[in-house]
Participant: 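Dropping the structure in here first, questions after.
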Amino acid sequence: MSIFNNAALLIGVPLLFAFSIPLFGLISKQLTKWVTLFVIGFNATFSLYILLAHKYPAVVVMGNWVPPFGENLYIGPVAAFLVSVISIIGLLIAIYNLWAIKLGDVTRFSVLFLMFTAGASGIVLTGDIFNLFIFMEITGISSYALAAYGPRRRALGGAFKFLVVSSIGSTLYLLGVTLIYTQLGTLNIAEIAARINQTTPGLLTFAGILLISGLAVEAELFPFNGWVPDTYTGAVSGVSASLSGIAAISGVYALFRIAMTVLGRDGAYVFTYGKLDLMTVIAILATTTVIIGELSALSQKNVKKMLAYSSMAQMGLVAVGFSIGSKLGVYGGIFQLVNHSIAKSMLFLIIGVLAAAGLGEKVENFRGLWRRSPFLSLAFTIGAFSMLGFPLFAGFWSKFAIVGASIQRGGWYDFVIGLVLFASIVEAFYYLRIVTYIFSSTEVKAPKIKVSLSPAIPIFVLAVAIIAIGVYPNFIGNFSMQSAGEFTHKMTGYVLNVIPTIVAH
Amino acid sequence: MKNETPELFKKIFALSVIAVLIVGFFLAFTEMPKGWGVNVNGRVSRLYVLKNVRTATKSLDSGKFFAKGVKPLRTDVAYTPIEFKKTANLEDGAANVVTSIVVDYRGFDTLGEVTVLFLAVSGVMMLLFGKRKKERKKKTEPSLIMYVGTRIAFSVILLFGIYIFVHGHLTPGGGFPGGAVIASGILGLFLGRRGYSPNHMGLKAFESLSGIAFVIIGLIGFFSVHSFLANFLPTGIIGDLYSAGFIALIYIAVGMKVGSELAAVVDTMITDTEEEWS
Amino acid sequence: MIIYVATVVVIAIIISSLIAVFSKKLLSSIIAMGLVSLGVSGLFFFLQAPDVAITEAAIGAGLSTAIFVIALKRVKKGETKDEE
């Protein structure tokens with residue numbers, strides 16, 4: 001167990017500045033956005049340093065109590081990689097917010113956005129099942145408030161739906177944590193994972209169902225994702241981008257950390273009833289999510305709502321990848337998760353810029369966009385191609401890996417992957433429809449759209465990232481492969497790195 | 001948005017969800033192990049869950065704190081009972097065990113909870129943000145007894161709240177209840193006089209500075225003991241006011257923060273504002 | 001002895017929670033919810049958790065009830081404005 005306590009600053013510094021932002025707000029409202037930007041920038045730099053200087057795997061001891069007794073953060077390959085992705089996307093959206101957020105209570109918006117990003121990185125970092133709940137609450141509460149920000153009344157409806165569903169989800173999760181605590185007397189993820197066989201089977205099943213259904217709300221799996229379309233459509237575009245780029249990462253991570261590390265047994269699950277185990281259930285839910293998401297997206301005339309449904313479907317695809325359980329499948333899932341956040345947050349940012357320029361959210365409004373703004377059109381096309389997995393774009397490699405893994409696994413996964421491929425064709429249809437609209441030449445004499453610098457930087461960076469990953473996938477793929485190892489080998493990948501002396505029962 | 005689900009279907013669905021939960025919890029509680037043994041070992045204390053009541057009681061009676069198969073974490077340190085007002089330099093000298101778990105062992109969670117409250121309050125303030133409306137015509141002024149009574153009660157309530165969070169490591173209570181008690185005193189002031197409004201700048205400064213104080217206490221631990229939120233002060237004799245290290249400091253910060261935040265919520269909710277998106 | 005007191009408290013909690021759910025007036029629902037919190041804080045005290053009991057009494061029975069009432073007042077104000 002190597003200890004790297006400096007990483008506590010990844011949580012400590014954002015908290016310190018979040019509490020002091022109201023004081024900065026007394027000086028100037030616009031200053032608070034810059035404070036947020038710099039703090040998230042610090043997080044991005046520091047997490048990139050951890051990732052590139054290979055400081056992981058390491059344990060961060062909180063309050064000077066060594067792991068099973070106090071709380072700890074665990075920086076494994078997954079945490080190092082995902083925290084970097086979260087912080088970088090957060091940094092780019094913070095740059096976008098400099099331009100987009102000007103009205104209303106800017107000070108409080110900055111506080112909420114900062115803690116939203118820090119809370120999402122906390123979910124990924126933490127090594128304690130109750131601390132995970134606290135960070136879920138931090139991310140959740142700030143995202144309800146962020147989703148309700150805006151002059152339009154429709155934001156309130158979506159935010160309220162999100163609040164109700166997500167609070168019920170976190171209550172279920174808390175009940176599950178309580179049940180596990182009564183059995184094992186510990187809250188440390190590593191210790192629970194090692195001693196999970198000591199629990200009573202029936203109680204474990206019930207606790208597992210509670211935990212999974214609580215976490216599936218944030219991960220946007222099928223019966224728990226009714227909030228997605230309204231919330232994404234109603235919120236300001238920057239907020240929709242951060243919901244799909246940041247909250248989705250942490251949600252999927254939390255779901256599969258519990259499902260694979262805590263309740264899992266190196267590729268299988270602890271509780272099984274005949275042929276039905278947790279993995280099968282998640283795979284069925286994920287496939288249903290993909291199909292429902294894609295079919296609903298097809299019938300949408302509103303681009304933002306279409307993107308929301310598409311994001312639901314992509315989350316389902318990620319979950320399919322994870323549920324295969326082999327290293328290749330989990331690799332595909334993580335890779336797809338990162339690609340999706342990059343592409344989807346860029347698409348939402350573009351929608352935000354277009355909405356500010358007076359272009360509506362209807363599909364027809366995109367007609368002849370190429371004449372009005374070549375930059376935005378190209379970026380949108382890149383994002384769309386990446387979403388539908390066109391070769392030489394980022395999304396291709398991850399979808400390829402997921403398909404490969406399920407063919408390798410065989411059995412009824414052939415059926416699953418057939419449905420997923422069918423859904424991909426549907427996806428290609430509605431994305432290409434917008435792209436054809438963009439490049440169709442009409443004689444519209446509309447003025448050109450000027451994009452100011454601060455929204456242009458994030459869009460440009462994300463578009464370049466998509467192309468770069470598509471051309472040279474090894475860099476991100478390498479980190480995804482290491483992360484997949486942490487998920488599939490629970491003892492050597494996670495538990496023994498946190499508590500080296502523990503013996504599995 | 002129209003809701004077209006039939007009423008009967010909704011009720012059946014809700015009832016079935018509740019039934020599943022109730023049955024699940026019934027099974028869970030019947031299968032739950034009962035009884036436990038406690039071990040306090042030098043630097044490391046631990047709650048062990050034992051499967052059987054009889055084994056647990058037997059091992060407690062015979063002075064062995066472990067059931068068969070469960071080994072003590074440290075055998076080099078002998079178990080010694082703790083005496084109130086005498087034992088010194090414990091691993092965590094708080095007489096109130098709940099406090100020592102909440103603030104010391106799991107202090108990071110408490111920091112998170114404080115942040116959750118802060119974010120909820122920020123969200124409410126952001127939603128209700130706007131121009132303060134002018135005072136409308138005073139309708140019914142509260143009576144003189146209400147006015148004087150709330151002011152007298154406020155001073156007593158304030159003292160009680162401060163007592164609760166300063167003595168958090170000795171007696172039941174702590175930062176959260178103390179802050180809530182203070183905020184309910186301020187609520188009384190609101191009810192006592194129409195048009196009462198607290199000093200907004202002061203509230204904001206209190207709110208920020210107490211939060212900053214919490215994080216800075218954590219950072220002092222980070223720089224002195226090299227672990228975030230570590231207890232860097234001597235723990236003293238159990239039962240003394242000056243004991244248990246930094247617990248009292250943190251609870252003072254938490255109490256001030258919770259009190260000012262809840263007061264700010266009441267203030268934002270009570271004052272009329274007009275939406276502005278100019 | 002304490003078991004009888006606790007039983008009475010539990011019955012009171014159940015009755016007031018039923019009132020909170022089935023009452024037509026929102027204000028009486030809110031008051032009933034405050035009563036539930038008060039009873040629960042008493043139960044916490046009987047279960048030897050005075051820490052939780054104090055918190056529940058201060059927040060559940062005191063502040064949150066007040067905040068609910070204020071919110072209800074604001075909502076009603078909005079409703080009358082729309083009718084005008």
Side-chain angles (χ1 to χ4, degrees), chain A residues 5-6 8-9 11-12 15-16 18-23 25-26 60-65 68-71 103-105 107-109 111-112 115-116 119 122 128 130-131 134-135 137-138 141-142 144-146 148-149 151 156-157 175 179 182-185 187 200 202-203 206-207 209-210 230, chain B residues 1 21 24-25 27-29 31-33 36 44-49 51 104-109 111-113 115-116 118-120 122-127 129-130 201 204-205 207-216 218-219 221-222 225-232 257 275-278:
Chain A
N5 275 346
N6 289 345
L9 291 179
I11 307 292
L15 273 173
L16 182 65
F19 288 140
S20 53
I21 278 179
L23 293 181
L26 294 178
V60 183
V61 178
M62 286 291 176
N64 216 6
W65 302 108
F69 305 107
E71 286 170 281
L103 302 175
D105 200 345
T107 317
R108 300 281 165 184
F109 185 93
V111 172
L112 291 167
M115 278 325 292
F116 175 72
D128 190 283
F130 183 73
N131 204 234
I134 302 272
F135 279 117
E137 288 284 286
I138 290 181
I141 286 181
S142 41
Y144 320 142
L146 287 176
Y149 172 86
L156 290 179
L175 290 174
L179 288 181
T182 56
Q183 291 280 296
L184 296 176
L187 291 170
T200 332
L203 204 146
F206 186 52
I209 291 170
L210 286 177
D230 283 355
Chain B
M1 206 176 306
L21 280 180
F25 271 99
L27 291 178
F29 284 124
E31 285 193 11
M32 209 173 267
W36 37 266
V44 184
S45 64
R46 195 64 207 282
L47 199 74
Y48 265 100
V49 177
K51 284 271 178 191
D104 199 342
Y105 295 85
R106 307 190 65 83
F108 193 48
D109 279 349
L111 183 56
E113 286 292 351
T115 319
V116 166
F118 174 65
L119 291 175
S122 299
V124 169
M125 283 182 161
M126 192 180 84
L127 288 183
F129 176 76
M201 198 67 84
K204 216 174 235 179
E207 202 186 319
S208 293
L209 289 177
S210 48
I212 295 171
F214 195 152
V215 183
I216 283 180
L219 286 178
F222 179 74
V225 192
H226 204 74
S227 175
F228 191 62
L229 278 172
N231 197 343
F232 55 90
K257 186 152 182 66
E275 253 188 290
E276 59 172 345
W277 280 97
S278 46

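Letters go in sequence order (proteins before strands), and every chain restarts at 1.
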Participant: Under 4.5 Å heavy-atom distance to chain B, tell me which part of A/L26 shows up: side chain, backbone, both or neither.
Facilitator: side chain
Participant: With a 4.5 Å heavy-atom cut-off, do B/F222 and A/N6 have their side chains touching?
Facilitator: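 Side chain of B/F222 against side chain of A/N6, heavy atoms only: contact under 4.5 Å found.
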Participant: Heavy-atom distance under 4.5 Å to chain B: side chain of A/F109, backbone, both or neither?
Facilitator: both
Participant: With a 4.5 Å limit on heavy-atom distance, are the side chains of A/N64 and B/L229 in contact?
Facilitator: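 No, their side chains stay 4.5 Å or more apart.
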Participant: Taking atom CZ of B/F108 and atom CE of A/M62, what is their separation to the nearest 0.5 Å?
Facilitator: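 Rounded to the nearest 0.5 Å, the CZ-CE separation comes out at 4.0 Å.
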Participant: For residues A/R108 and B/S122, report the shortest heavy-atom separation together with the two atoms involved.
Facilitator: NH1-OG, 3.3 Å
Participant: Does B/D109 reach the side chain of A/F130, with side-chain heavy atoms less than 4.5 Å apart?
Facilitator: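 Yes - at least one pair of side-chain heavy atoms lies under 4.5 Å apart.
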Participant: Would you compute the distance between atom CG of B/L111 and atom CD1 of A/I11 and round it to the nearest 0.5 angstrom?
Facilitator: 9.5 Å
Participant: Could you check whether any side-chain heavy atom of B/R106 comes within less than 4.5 Å of a side-chain heavy atom of A/D128, counting everything from C-beta outward?
Facilitator: yes
Participant: Using side-chain heavy atoms (C-beta onward) and a distance below 4.5 Å, is B/L119 in contact with A/E137?
Facilitator: no
Participant: Tell me, out of B/V215, B/N231, B/I216, who's got the most heavy-atom pairs with chain A below 4.5 Å.
Facilitator: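 Option with the greatest count: B/V215.
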Participant: Please answer whether the main-chain N or O of A/F19 pairs with a side-chain N or O of B/S208 as donor and acceptor at a distance below 3.5 Å.
Facilitator: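 At least one qualifying donor-acceptor pair exists.
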Participant: Distance from B/F118 atom CZ to A/I138 atom CD1, nearest 0.5 Å?
Facilitator: 11.0 Å
Participant: Does any non-hydrogen side-chain atom of A/I134 lie less than 4.5 Å from one of B/T115?
Facilitator: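 With C-beta onward as the side chain, the pair stays apart.
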Participant: If you compare all heavy atoms of A/A148 against all heavy atoms of B/L127, which two are closest, and at what distance to 0.1 Å?
Facilitator: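 It is CB-CD2, 3.5 Å.
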Participant: Using atom types as modelled and distance alone, determine if a side-chain donor or acceptor of B/S227 lies under 3.5 Å from a backbone N or O of A/V61.
Facilitator: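 Present.
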Participant: Measure distances from A/L16 to the heavy atoms of chain B and classify the residue's part below 4.5 Å as side chain, backbone, both or neither.
Facilitator: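 Both the backbone and the side chain of A/L16 come within 4.5 Å of chain B.
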